[in-house]
Amino acid sequence: MQSRHRVFAEDLLLPREAEGEDHFDRVPDSLVLLIFNRLADARSLGRCSAVSKRFNSLVPLVDDACLRIDRVITDAADADDALGLAGPRPAGRGVLSHLLKAMLLAVLKPFGHCDAGVRGGGGGERAGKHGGGGGGCGAQQHHSPAQVLKNFSSIRNLRMELPVSDVGTDDGVLLRWKAVFGSTLQSCVILGGTRVDRAAAPAAAAATATAAGDSEASQGDDTGSIPESFYTNGGLKLRVVWTISSLIAAATRHYLLREIVKEHPTLERVALTDAHGQGTLSMGRDQIREFRDKPLAAAAAANRTQVPACNMKLRYAPMLELSDGTRIQGATLVVIKPVGEAGGIGGGRKELDEFVADAFDGPYREAVSALSKRRTYLLEMNGF
């Protein structure tokens with residue numbers, strides 16, 4: 001005698017088998033596409049395309065896609081390393097090595113749907129060192145972002161995420177940046193601080209500020225003027241390093257997008273971020289159009305876009321205490337735009353001010369607002 005549970009299961013399955021009907025076919029394509037757009041993740045969408053012919057025909061039509069890059073490989077030698085083919089090659093064995101590599105690639109190619117890392121050409125040396133490749137298939141096969149996205153024909157909004165931040169900082173140091181590029185840099189805003197204490201108790205926060213020997217909280221008064229010691233103890237030099245490093249990171253990410261923008265004419269918005277939330281490269285419809293219409297000027301010494309000569313506005317506060325209890329020591333705001341541009345984004349000062357005000361979320365938005373009211377110091381930087 002069958003159990004009640006088994007009888008109940010068969011009662012459910014037999015009618016469907018008898019009818020031979022898949023009730024999911026009743027779901028309209030427009031609703032399935034809506035679900036896929038909410039899913040967004042490019043790797044998950046790739047798996048969905050292997051489920052059925054219907055899904056395979058619908059996945060390329062999604063509007064929104066998010067591509068998370070697990071590993072960034074900067075050159076062909078790194079690719080050989082990932083396959084275990086790197087190392088000294090004896091004379092006369094070049095042909096045999098080449099054939100072996102071709103055979104391995106042919107064998108591994110059918111497993112490209114597995115959890116493979118993504119190869120990003122020109123993604124930066126730091127990302128190449130620290131981006132971790134996964135095990136199994138991920139350690140064997142790597143695709144460039146352009147290869148992963150080549151089957152998506154209707155992407156309008158694309159978000160890409162690198163595995164690590166580009167600019168290394170010490171623990172407790174704040175560095176956030178956001179840059180807008182067309183064919184070259186249009187505007188960039190950088191928020192930094194030498195130390196951040198998050199919502200500490202008043203007594204603990206006071207003890208921390210007292211114990212920090214390199215704290216900038218004691219420099220000068222709070223009138224908005226930068227103290228003289230700021231120029232002599234390395235404070236200004238540190239801000240210059242932050243600025244140049246952030247611009248190099250943004251220019252490297254911009255260079256990475258050249259093939260993707262070229263192959264996806266439907267693109268209207270692109271954001272290239274990192275898993276730690278340090279920086280964001282943003283391109284809107286107008287910037288993407290300019291990127292396509294004007295030639296990209298590449299830097300001679302690296303796989304990145306050349307950064308033009310820029311004007312910079314620097315604002316500084318020795319200590320900034322926010323409404324949620326966050327305390328930022330040595331708080332610094334740097335707003336950058338190319339020389340000769342009236343206002344960067346849109347050519348107007350109002351648009352640039354709105355971009356700066358909306359660059360960051362949460363307490364950092366409040367920090368930008370507070371720093372924007374302080375005295376402005378002007379600097380100039382040559383292109384590089």
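Remember, predicted model here, so these are calculated numbers, not experimental data.
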Minimum heavy-atom separation for [X] and [Y], please, with both atom names.
X: Gly192; Y: Ile328; value: O-CG2, 4.4 Å
X: Pro308; Y: Thr184; value: CD-OG1, 3.5 Å
X: Ala179; Y: Leu185; value: CB-CD1, 4.3 Å
X: Ala357; Y: Val368; value: CA-CG1, 4.4 Å
X: Asp25; Y: Arg54; value: CA-NH1, 3.9 Å
X: Pro363; Y: Leu322; value: O-CD1, 3.3 Å

Within this structure, what is the [atom1]-[atom2] distance for the pair [X] and [Y], rounded to the nearest 0.5 Å?
X: Thr376; Y: Leu314; atom1: OG1; atom2: CG; value: 9.0 Å
X: Asp63; Y: Glu268; atom1: CG; atom2: CD; value: 8.5 Å
X: Lys262; Y: Phe291; atom1: NZ; atom2: CZ; value: 11.0 Å
X: Leu45; Y: Leu149; atom1: CG; atom2: CG; value: 10.5 Å
X: Gln147; Y: Glu263; atom1: CD; atom2: CD; value: 9.5 Å
X: Leu352; Y: Glu354; atom1: CG; atom2: CD; value: 10.0 Å

Mind checking whether [X] and [Y] sit in one hydrophobic cluster, side chains of I, L, V, M, F, W, Y counted as touching below 4.5 Å?
X: Leu371; Y: Leu378; result: no
X: Phe55; Y: Leu34; result: yes
X: Val240; Y: Leu247; result: yes
X: Ile244; Y: Ile190; result: yes
X: Val334; Y: Tyr231; result: yes

Any heavy-atom pair between the side chains of [Y] and [X] that's under 4.5 Å?
X: Asp29; Y: Leu58; value: yes
X: Thr243; Y: Ile336; value: yes
X: Trp177; Y: Val189; value: no
X: Phe355; Y: Gln186; value: no
X: Val180; Y: Cys188; value: no
X: Met312; Y: Met381; value: yes
X: Ser372; Y: Leu333; value: yes
X: Asp358; Y: Arg365; value: yes

Query - Output field: ring centroids Tyr316/Phe230 closer than 6.0 Å - result: yes
Requested in this report: Apply side chain to side chain contact (heavy atoms under 4.5 Å, CB included) to Arg292 and Leu267, showing your working.
Outcome: CA-CA 11 Å; Arg292 292 193 180 105; Leu267 271 178; 3.9 Å; yes
Show me the donor-acceptor pairs within less than 3.5 Å that the side chains of residues 275-284 make with the rest of the protein, sequence neighbours left out.
{"from": "Gln278", "atom 1": "OE1", "to": "Val167", "atom 2": "N", "distance (Å)": "3.1"}
{"from": "Gln278", "atom 1": "NE2", "to": "Val167", "atom 2": "O", "distance (Å)": "2.8"}

I'd like to know if the side chain of [X] pairs up with that of [Y] as donor and acceptor (distance under 3.5 Å, no hydrogens or angles considered).
X: Thr194; Y: Gln329; value: no
X: Arg156; Y: Thr266; value: no
X: Asn157; Y: Asp64; value: yes
X: Thr326; Y: Glu321; value: no

Query raised in the report: Under the 6.0 Å and 45° cation-pi test, does Arg258 pair with Tyr255?
Result: yes
Requested in this report: Mark yes when over 12 heavy atoms from residues, nucleotides or ligands other than Asn382 sit less than 6.0 Å from its CG; otherwise mark no.
Outcome: no
Report task. Determine whether more than 12 heavy atoms belonging to other residues, nucleotides or ligands lie under 6.0 Å from atom CZ of Arg269. Result -> no
Report task. Answer yes or no: is there an ion pair linking Asp353 with Lys350, defined by an N-O contact shorter than 4.0 Å? Result -> no
Check whether any side-chain N or O of [X] sits under 3.5 Å from a backbone N or O of [Y] as a donor-acceptor pair, and report yes or no.
X: Ser183; Y: Leu296; answer: no
X: Arg374; Y: Ala370; answer: no
X: Arg253; Y: Leu272; answer: yes
X: Asn37; Y: Leu33; answer: yes
X: His264; Y: Leu158; answer: no
X: Ser245; Y: Trp242; answer: no

Requested in this report: Evaluate the criterion side chain to side chain contact (heavy atoms under 4.5 Å, CB included) for residue pair Phe152 and Leu61; output intermediate values, then yes/no.
Outcome: CA-CA 7 Å; Phe152 294 88; Leu61 303 179; over 6 Å; no
Query raised in the report: Run the side chain to side chain contact (heavy atoms under 4.5 Å, CB included) check on Met160 and Thr273 step by step: do they pass?
Result: CA-CA 6 Å; Met160 296 172 59; Thr273 65; over 6 Å; no
Query - Audit row: Arg327, Met319, side chain to side chain contact (heavy atoms under 4.5 Å, CB included) steps and yes/no - result: CA-CA 7 Å; Arg327 295 158 57 96; Met319 171 66 76; 3.5 Å; yes
Query raised in the report: Glu161: what forms a side chain to side chain donor-acceptor pair (under 3.5 Å) with it, not counting sequence neighbours?
Result: Arg159
